[in-house]
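Step one of this worksheet: look at the structure below.
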There are 2 protein chains.
Amino acid sequence: MAGEVRKLALLGASGSIGRSTLDIVARFPERYRVVALGGGRNVETLAAQARRFQPRLLAVQESTGAAKLAELLKRDGLDIPILIGREGSLAVATCPEADIVVAAMVGAVGLEPTYAALEAGKDVALANKESMVMAGRLLNRVATATGARILPLDSEHSAIWQALNGESHREVEKLILTASGGPFRDFSPAEMAAVTPEQALRHPRWKMGPKITIDSATMVNKALEIIEARWLFDIPPEKIEVVVHPQSIVHSLVEYVDGSVLAQLGLPDMRLPISYALGAPERLVLDLPKLDLAEIGRLDFFAADEERFPALKLVRRALEMGDSGAIAFNAANEFAVDRFRHGVIGFLDIVGTVAAVLKKTRPRNFSSLQEILDCDTRVREELGAEMTMKMKTRD
Amino acid sequence: MAGEVRKLALLGASGSIGRSTLDIVARFPERYRVVALGGGRNVETLAAQARRFQPRLLAVQESTGAAKLAELLKRDGLDIPILIGREGSLAVATCPEADIVVAAMVGAVGLEPTYAALEAGKDVALANKESMVMAGRLLNRVATATGARILPLDSEHSAIWQALNGESHREVEKLILTASGGPFRDFSPAEMAAVTPEQALRHPRWKMGPKITIDSATMVNKALEIIEARWLFDIPPEKIEVVVHPQSIVHSLVEYVDGSVLAQLGLPDMRLPISYALGAPERLVLDLPKLDLAEIGRLDFFAADEERFPALKLVRRALEMGDSGAIAFNAANEFAVDRFRHGVIGFLDIVGTVAAVLKKTRPRNFSSLQEILDCDTRVREELGAEMTMKMKTRD
């Protein structure tokens, strides 16, 4: 590294990826400086991060949170502007000083800031896979136009990025995403139907936020990652496969035209892909627990069961439909996961909702952010209206 | 590839690597032409290869083989010059038309032709690991001087080469060579002492020639590969480790300074590393059976047992001693394997011989081919004299 300090704006600072990102940044004070932090409702964490990293700008989700955060900062004698909601996220994403934006918000709400950051020519380290799922085609176009880079933060996509290093894309036969298979890999349909939110929130390998943990249990997460990989690496969907690997040591693989396969391995620790994205094209010297294959002893691989996890089949249909399919897939899932977490629908109804919405969706591609956001809103509104109708019918 | 035909000279044509190389060449007649073939005693195979590939030059080990080969060629109306022995190998290695020399002879006899090819500025695809073990320092110097490249053909070193692609050497934390562990991985010392040549010649994963199969059973092969890796990748020996992986699917791995590990995987088929070396920097489109991880199901890893396989400890001492250590290690092993195959010594005596020779060897580095060859000869002569003495004493 040329000794230059890279300036970071971080969205989703108080979440799992956000905290891991700041762990890396704190290890290399001579390389990175935090200039803006955006968080959700966890303002205590955000206040502590603000104390530690002294950004020039803060953003939170709601005005009550902003008031509380202002109070906490005042106690420490800190005077940092606090912005709220969409305006706040966009301000963090386009913060003039920032060279790189870490987009680690959860869900579709991450799209606008990601778009704005790329439009402003900033590199985006992307953990918010929904951005790429909803608008991969558009985001690639914007990035190409402004010269910004989209750097994968997901462990799977980081693995593929690393395994592709120095290789020609023409020589890729397929990308193989590994999946832990989630906690219900061996559940019967009846057991699956009875899964509670508490069960779904316990992931066997990775400590993650609640939305992505439930997405892992339904394997919707892997479905979204297929769409994400399709755009991140500009690879036709039929060249992207999934293999179940419960130990989460092999993070993903690339098969080349000669039959050779390159894989990236490591202990399941998000700090690894984060540091790779922040350091690229250099690797940062990290003193984390190291992979010891002899100690791990055994790595298992299974075919992904598309009957038990129909999200993996549905995503193929969504991809064939184009942008509207991917947007509907994601919006329906977000809506249904929220309903499931509130005990309104069952576990199997999550993917059931996605299937029903896809059936009604008309295949379309979009060329503007507004069209994409409108499509997303329409799906959610229709689902909301249906849900209300059903509740009324039931009364 | 720029459409240019690469001209190949192949030493060890009738052996396992030689035949696999010609299998690849035959698939890409528009890319490769065979200009010279050197073989050992199997002149029938060599004659068939000559018919198929029509080289301009042939070499065999002995004059009786040459006469037989000439007769076989005459039957087919072929008129190709046949050279014999050391002169023959050197002629193949320095054949003026060749761009690339595939060095697939077995044992120390491969060193002189490898040196000659590099000195003549030809790229060398190197399966003859003994060359690199005996003279890695010297061969690297010659290659740098003439601009020739040394391309690994061993599956392990090819895996490392692939996993290093595009990465900076400064960022390598360690190289991890995988070892099948051979057929005696779980043998007790008593069982090991009673191993017969027939048992040692049955390798569980790879079909290879007899010398390397026995070297796998003693794990001397892995020890030689450590020395080879040390020179091929210019990596200090303490950064090279071994992990036992019985399925031979992960061919080797590179750990980087950030803790990330890149691995190359594939079915055990030597045509893969051969095609990578011949095609580099491009990959050839190969229609070989593909790795299916879900079908394989499980990959196991064990720590290498240096008590059971003392070759792995001895090689560290040999490396500390410098060139004379590596040469003595290799020469003693070649001598002892030959004695073992003839039933003169037991299985454990192979590595016992290596240990005894190392003890008597004085640490030295060499700067010329002649010094290296002399050192090799001296070890063999002394071992021969000792063996004769022992036989006499026994009478």
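Values in this document were obtained by computation on a predicted structure and should not be read as measured data. To find a chain, count down the sequence lines: A is the first, B the second, and so on, and within it residues start at 1.
Atom OH in Tyr256(B) sits 15.0 Å away from atom CG in Leu286(A) (nearest 0.5 Å). Distance check: Asp292(B) CG to Ile176(A) CD1 gives 8.5 Å after rounding to the nearest 0.5 Å. To the nearest 0.5 Å, atoms NZ (Lys290(A)) and NZ (Lys174(B)) are separated by 7.0 Å. Taking CG of Asp300(A) as the start and CG of Leu293(B) as the end, the distance is 11.0 Å to the nearest 0.5 Å. With rounding to the nearest 0.5 Å, the separation of CZ in Phe302(B) from CD in Glu295(A) is 14.0 Å. Atom OG of Ser260(A) and atom CG of Asp269(B) lie 11.5 Å apart (nearest 0.5 Å).
Asp258(B) and Ser275(A) make their closest contact through CB-OG, 4.3 Å (heavy atoms, listed as atom of the first residue, atom of the second, distance). Residues Leu265(B) and Ala263(A) come closest through the heavy atom pair CD1-CB, 3.7 Å. Closest approach of Ala294(A) to Ala303(B), counting heavy atoms only: CB-N, 3.3 Å.
Proximity to chain B (any heavy atom under 4.5 Å) is restricted, for Glu173(A), to the side chain, taken from C-beta onward. Looking at Leu253(A), the atoms closer than 4.5 Å to chain B (heavy atoms on both sides) all sit in the side chain, from C-beta outward. When heavy atoms are compared at a cutoff of 4.5 Å, Leu262(A) approaches chain B by way of both its backbone and its side chain. Looking at Glu255(A), only its side chain comes within 4.5 Å of chain B, counting heavy atoms on both sides. Only the side chain of Val243(A) comes within contact range of chain B, judged by heavy atoms closer than 4.5 Å.
Heavy-atom contacts from other residues, nucleotides or ligands closer than 6.0 Å to CG of Asp186(B) number more than 12.
For the set Leu291(A), Leu299(A), Val254(A), the entry with the most heavy-atom pairs within less than 4.5 Å of chain B is Leu299(A).
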